[in-house]
Amino acid sequence: MKPEILLIGGATPRMMERLNSKFVVHPLSEITDFDTWVSSHGEKIEAVATNGHDGVKPHIMDALPNVKAISCYGVGYDAIDTKVAVERGIVVTHTPGVLNADVANLAILLMLATSRCLVRDDQWVRSGNWAKNGNAPLTRSIENKKVGILGLGRIGGEIARKLEVFGCDICYHTRTKKEVSYTYCEDLVEMATAVDYLIAITPGGPSTNKLINRTVIDALGPEGTLINVARGSVVDEKEMVQALQEGRLGWAGLDVFADEPNAPEELFNMENVVLTPHTASATIETRQAMGDLTVDNLISFFESGTVKTPVPECAGIAKTD
Ligand code: A2R
């Protein structure tokens with residue numbers, strides 16, 4: 001008998017094919033009346049496949065008493081209450097590592113796009129402005145600039161390594177100093193004061209909520225650029241918008257927002273801002289690797305009781321192969 005699972009959010013055709021071959025899949029998107037469905041199926045569900053954005057809402061978690069595993073398509077899992085999961089003995093997995101390169105690439109793309117005014121200059125050509133009004137105004141180089149990375153884990157480390165090619169002077173802020181050659185800054189405000197670019201790449205959740213507040217934003221200042229590829233919650237979005245409007249913050253390259261899929265409308269007409277719709281890992285190649293790992297974790301859990309990539313909070317209850 002195939003185990004029954006709840007699928008929250010979308011899945012690629014390749015994921016669906018593999019999931020369907022091993023499980024009876026109940027897509028949440030096809031359930032019209034959740035309460036009625038739960039009364040007949042809730043107890044049969046043994047695992048959940050979800051993603052970093054949707055996570056597992058508390059009422060869904062409560063309604064599924066026999067869930068043993070939650071597999072998250074994404075490295076960030078702040079939308080899943082791991083405390084409750086550990087208390088219930090539920091193993092939570094995510095997809096670390098396989099997305100490092102593409103998330104780092106988008107962070108650098110946003111740095112380049114804000115500095116070289118990519119969106120403005122694309123428009124300069126398309127609108128006929130070039131022929132009518134001549135060359136576009138000069139832009140700024142990222143070569144040899146000072147970059148502060150907030151969060152120097154798997155992805156932050158990859159961003160730092162890639163930025164070495166641009167001759168950037170790299171420092172970082174984390175709660176614990178790392179064994180790396182980059183300069184450690186114990187104080188985030190001091191780091192923001194010292195750098196040209198501040199890149200956020202920490203997890204979301206309460207411990208990083210609004211770490212980039214008004215004081216940090218003002219320290220980065222009118223010549224500074226904020227790049228956020230972490231979570232919208234890491235930045236005080238209202239303060240950031242106000243600082244950009246008032247010229248207290250120079251530029252912003254943003255892939256993540258506090259209330260996705262909504263982004264603050266005030267940003268839409270700002271020339272000093274480049275926006276992407278949470279697509280840092282959204283390449284065909286990386287999403288395939290993330291999808292494979294998401295499904296591998298579930299299959300492995302049911303076939304051998306082990307998982308490949310448990311979240312750190314579940315290290316004590318997860319068996320790895
Ligand atoms: O603080 P540490 O020493 O645990 O370093 C981690 C840092 N970090 C923080 N830094 C400052 N204040 C905090 N409250 C704080 N909490 C965590 O973030 C570590 O250097 C980094 C996270 O690295 P990893 O766990 O390797 O995560 P990865 O794979 O780089 O992904 C980061 C995030 C995901 O959670 C998604 O939200 C996003 O990137 O895609």
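Whatever order the structure lists them in is the order used to number ligands and atoms, beginning at 1. Please read all numbers here as calculations on a predicted model, not as lab measurements.
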So with a 6.0 Å cut-off around CD of E143, is the heavy-atom count from everything else above 12? yes
For atom 6 (C) of ligand 1, the protein heavy atom that lies nearest, with its residue and separation: T174 CG2, 4.3 Å
Do L226 and M111 sit in the same hydrophobic cluster, where Ile, Leu, Val, Met, Phe, Trp and Tyr count as joined when their side-chain heavy atoms come under 4.5 Å apart? no
NZ/K210: more than 12 non-hydrogen atoms of other groups inside 6.0 Å: no
Indicate if I299 and Y73 have the same hydrophobic cluster label, given that clusters are the connected sets of ILVMFWY residues with side-chain heavy-atom separations under 4.5 angstrom. yes
Hydrophobic clusters here meaning ILVMFWY residues chained together by side-chain heavy-atom distances under 4.5 Å, can you tell me if I60 and V38 are in one? yes
Does an N or O from L152, backbone or side chain, lie closer than 3.5 Å to an N or O of ligand 1? yes
May I ask you to check if ligand 1 and I155 share an N or O to N or O distance below 3.5 Å? yes
Taking the basic N atoms (NZ, or NE/NH1/NH2) and the acidic carboxylate oxygens, is any pair closer than 4.0 Å for K22 and E303? yes
Is K238 atom NZ crowded by more than 12 heavy atoms from other residues, nucleotides or ligands, each under 6.0 Å away? no
Evaluating non-hydrogen atoms only, which member of T176, T95, D255 is closest to atom 3 (O) of ligand 1? T176
Subset of ligand 1 atoms that lie under 4.0 Å from at least one heavy atom of L211: 12 (N)
Compute the ring centroids of H26 and H41, then answer whether they are less than 6.0 Å apart. yes
Looking at K178, which atoms of ligand 1 are within less than 4.0 Å of one of its heavy atoms? 2 (P), 3 (O), 5 (O), 20 (O)
Any N/O of I201 closer than 3.5 Å to an N/O of ligand 1? no
Examine N100 against ligand 1 and note whether any of their N/O atoms are separated by less than 3.5 Å. no
Using a strict cut-off of 4.0 Å, indicate which atoms of ligand 1 neighbour a heavy atom of S207. 14 (N)
Identify, for atom 34 (C) of ligand 1, the protein heavy atom at the shortest distance, and state residue, atom and that distance. V75 CG1, 3.6 Å
Do me a favour and list the nearest non-hydrogen protein atom to atom 7 (C) of ligand 1 with residue, atom name and distance? G151 CA, 3.8 Å
Numbering as shown, the atoms of ligand 1 that approach A230 to under 4.0 Å (heavy-atom distance): 37 (O), 38 (C)
Main-chain N/O of G156 paired to Y172 side chain as donor or acceptor, under 3.5 Å: no
Proximity of P203 to ligand 1 by residue part, where a heavy atom lies under 4.0 Å: both
Is it true that a side-chain atom of N297 and a backbone atom of L293 form a donor plus acceptor pair closer than 3.5 Å? yes
Number the atoms of ligand 1 from 1 as they appear, then name those within less than 4.0 Å of a heavy atom of T208, with their elements. 13 (C), 14 (N), 15 (C), 16 (N)
Taking E158 for its side chain and N100 for its backbone only, find out whether a donor-acceptor pair lies under 3.5 Å. no
Quick one: nearest non-hydrogen protein atom to atom 23 (O) of ligand 1, plus distance? G153 CA, 3.2 Å
If you scan protein heavy atoms around atom 33 (C) of ligand 1, the nearest is T202 O, 3.4 Å
Hey, looking at atom 1 (O) of ligand 1, which of R175, R154, E158 has the closest heavy atom? R175
